[in-house]
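To keep things clear, I will list the structure first and then write my remarks on it.
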Amino acid sequence: MEQKNWSRWGSADRRGLLNLVSAEKTRSAAQLAHSGRAFTLAIPMSPEYSSPLRGVFEHRVSVRHDDGPSRRTGVGGSIATDLHNFTHIDALGHVQYDGFSFNGVPTTDRPPWDAGTVDQIGVIATRAVVLDVARACGVESLEAGFVIEPKHLDASLHSNGTTVEPGDALLVRTGWIQRYLQSPETADSGWPGLGQACIEWLSEKDVVAVGADTVGVEVVPPEDPGGYLVLHEQLIRDLGMHLLEFLTLEECCVHGVTEGLFVAAPLPIRNGFGSPLVPVLIT
């Protein structure tokens, strides 16, 4: 694919398509919050739901007793996890190949990095379009290896009566996450996801971020056995599009939500290439 978004916003750009989310775009998206109802799109952070690709999640609770007159007890804790575990966002420097990351930044394995790190993302506040591809296909949940093609996205849009506009986030429901939360071993056989033909579709529509209720947004097993994580390479590194993984879209889809104000902010981790995220959709 042509590296069409390199230098689109100048050689120093590290935010990619998020540059399309202007103040005017955010104000317009805020008009969609008619009811004021907020849907949380993050899955629980618990060891049994740790990503099959990201290892162990550790959560330790600490208790401190105050021997003073109040006899107060303070409860705290700590966590240790991969930054790409659970519901998270991929920064633009997350995927690099042929010696470069997004916008032609040379690959390096030593900090400090200037390759589109997660602390350069800031707050995302834009319109989101929700596509329930599973129900558009007449099922509650798509099977592992199901390839979502542009025709499926178009059918979902038609069913919604919505369109995708430049600067939007696209949230895709496959239904897979519910099976995963009930039986995490489900991930052993893969998951449904976007196919390679969706790359051009997303690029033409100037989607700033695409998320799904799966481990990695794109289909596994891949369409081409030799083309693992092709969408990661071309969406992130070539186009400057952020990926949102491990979403849960069940509640908002049950309520028939097709669009809304999408708000999310990663942890501002210096030199980080991903971050846990609690995305919120307000309708």
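- The neighbour count for E185 CD, taken as heavy atoms of other residues, nucleotides or ligands under 6.0 Å away, is above 12.
- A pairwise comparison of heavy atoms in T117 and A91 identifies C-CB, 3.9 Å as the closest pair.
- The two residues G240 and L92 make their nearest non-hydrogen contact at C-CD2, 3.6 Å.
- Remark: side-chain polar atoms of N103 are not paired, donor with acceptor, to backbone N or O of V105 under 3.5 angstrom.
- Side chain to side chain, S141 and R179 meet the donor-acceptor criterion of an N or O pair below 3.5 Å.
- Between F262 and A169, the shortest heavy-atom contact is CD2-CB, 4.4 Å.
- A donor-acceptor pair under 3.5 Å is formed between the side chain of N85 and the backbone N or O of S51.
- We find the CZ-NE2 distance between R54 and H84 to be 6.0 Å, quoted to the nearest 0.5 Å.
- Side-chain contact between V207 and L17: absent, with no pair of heavy atoms (C-beta onward) separated by less than 4.5 Å.
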Throw together a table of side-chain donor-acceptor distances under 3.5 angstrom for residues 267-283, partners on residues two or more places apart or in other chains.
unit_1	atom_1	unit_2	atom_2	d
N271	OD1	W113	N	3.3
S275	OG	L267	N	2.8
T283	OG1	S35	OG	3.4

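- Distance alone, capped at 3.5 Å, places no donor-acceptor pair between the E223 side chain and the G195 backbone.
- At a threshold of 4.5 Å between side-chain heavy atoms, the hydrophobic network of Ile, Leu, Val, Met, Phe, Trp and Tyr places L131 and V164 in one connected group.
- Taking the side chain as every heavy atom from C-beta outward, P192 and E143 never approach each other to under 4.5 Å.
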Q: Apply side-chain contact (heavy atoms from CB on, under 4.5 Å) to the pair D90 and H232, showing each step before the final yes or no.
A: CA-CA 9 Å; D90 290 343; H232 273 67; 3.4 Å; yes
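- Neither L181 nor L142 shares a network with the other; the hydrophobic side chains, linked directly or stepwise wherever heavy atoms of I, L, V, M, F, W or Y lie under 4.5 Å apart, form separate groups for each.
- L231 and W176 fall into different hydrophobic clusters, defined by Ile, Leu, Val, Met, Phe, Trp and Tyr side-chain heavy atoms under 4.5 Å apart, directly or through other members.
- T186 places a side-chain N or O within donor-acceptor distance of the main-chain N or O of S183, the cut-off being under 3.5 Å.
- Both tests hold for K205 against W201: distance to the six-membered ring centre under 6.0 Å, angle to the ring axis within 45°.
- Taking the charged nitrogens against the carboxylate oxygens, E204 and K4 have no contact shorter than 4.0 Å, which rules out a salt bridge.
- Taking both residues in full, the closest heavy atoms of I199 and L235 are given as CG2-CD2, 4.1 Å, listed atom of the first, atom of the second, then distance.
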Q | Audit row: E48, S46, side chain to side chain donor-acceptor pair (under 3.5 Å) steps and yes/no | A | CA-CA 6 Å; E48 64 266 35; S46 183; 2.5 Å; yes
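- At distances below 3.5 Å, at least one donor-acceptor pair connects side-chain atoms of T108 with backbone N or O atoms of R110.
- V219 is not listed as a side-chain neighbour of L194, based on a closest heavy-atom distance of 4.5 Å or more.
- Under the 4.5 Å side-chain heavy-atom criterion for Ile, Leu, Val, Met, Phe, Trp and Tyr, I177 and V130 are members of distinct hydrophobic clusters.
- Judged purely by atom type and a 3.5 angstrom limit, S7 has no side-chain atom pairing as donor or acceptor with the backbone of G10.
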Q. L157 and L153: side-chain contact (heavy atoms from CB on, under 4.5 Å), yes or no, with the steps?
A. CA-CA 6 Å; L157 284 172; L153 302 180; 5.5 Å; no
Q. So L247 and L171, side-chain contact (heavy atoms from CB on, under 4.5 Å) or not? Walk me through it.
A. CA-CA 8 Å; L247 301 179; L171 310 179; 3.9 Å; yes
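- You'll find the side chain of T73 reaches within 4.5 Å of the side chain of V63, heavy atoms only.
- Residue V118 is grouped with residue V95 when hydrophobic side chains (ILVMFWY) are merged at heavy-atom distances under 4.5 angstrom, including chains of intermediate members.
- Proximity of a side-chain donor or acceptor of S101 to a complementary backbone N or O of T107 within less than 3.5 Å is not detected.
- Side chains of N19 and D13: a donor-acceptor N/O pair is present below 3.5 angstrom, by distance only.
- In this structure a side-chain-to-backbone donor-acceptor pair under 3.5 Å is present from N5 to L239.
- You'll find the side chain of D66 stays beyond 4.5 Å of the side chain of R71, heavy atoms only.
- Note on ring orientation: taking the six-membered ring where Trp is involved, the planes of F57 and H59 are tilted (angle from 30° to 60°).
- V129 and D168 get closest at one heavy-atom pair: CG2-OD2, 3.9 Å.
- In this structure, E250 and G175 approach most closely via the heavy-atom pair OE2-CA, 3.9 Å.
- We find the CH2-CZ distance between W9 and R15 to be 10.0 Å, quoted to the nearest 0.5 Å.
- Summarising the geometry, atom CD belonging to E58 is positioned 8.5 Å from atom OG belonging to S78; distances are rounded to the nearest 0.5 Å.
- By the 4.5 Å heavy-atom criterion applied to side chains, I89 and I124 are counted as neighbours.
- If you check the side chains of D213 and T174, you find a donor sitting under 3.5 Å from an acceptor.
- Judged by a 6.0 Å distance limit and a 45° cone about the ring axis, R14 is not positioned over the six-membered ring of F102.
- Scanning for side chain to side chain contact (heavy atoms under 4.5 Å, CB included) contacts around T258 gives N160, T162, with sequence neighbours left out.
- Counting non-hydrogen atoms of other residues, nucleotides and ligands closer than 6.0 Å to NE2 of H158 gives a total of 12 or fewer.
- Listed for the R127 side chain is no donor-acceptor partner under 3.5 Å among the backbone atoms of G167.
- Just one residue in the list W191, F86, F246 forms a ring pair (Phe, Tyr, Trp, His ring centres under 6.0 Å) with Y180, and that residue is F246.
- With E259 contributing its side chain and A128 its backbone, the two residues share no donor-acceptor pair below 3.5 Å.
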Q.
Would M241 and Q234 count as a side-chain contact (heavy atoms from CB on, under 4.5 Å) here? Give the steps.
A. CA-CA 9 Å; M241 187 182 302; Q234 297 192 17; over 6 Å; no
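- For the pair E233 and Q96, the minimum side-chain heavy-atom distance is 4.5 Å or more.
- For the pair V215 and P52, the minimum side-chain heavy-atom distance is below 4.5 Å.
- Between E140 and R173, at least one side-chain N (NZ, or NE/NH1/NH2) sits under 4.0 Å from a carboxylate O, which counts as a salt bridge.
- R37 and H255 share a donor-acceptor pair across their side chains, judged by distance under 3.5 Å alone.
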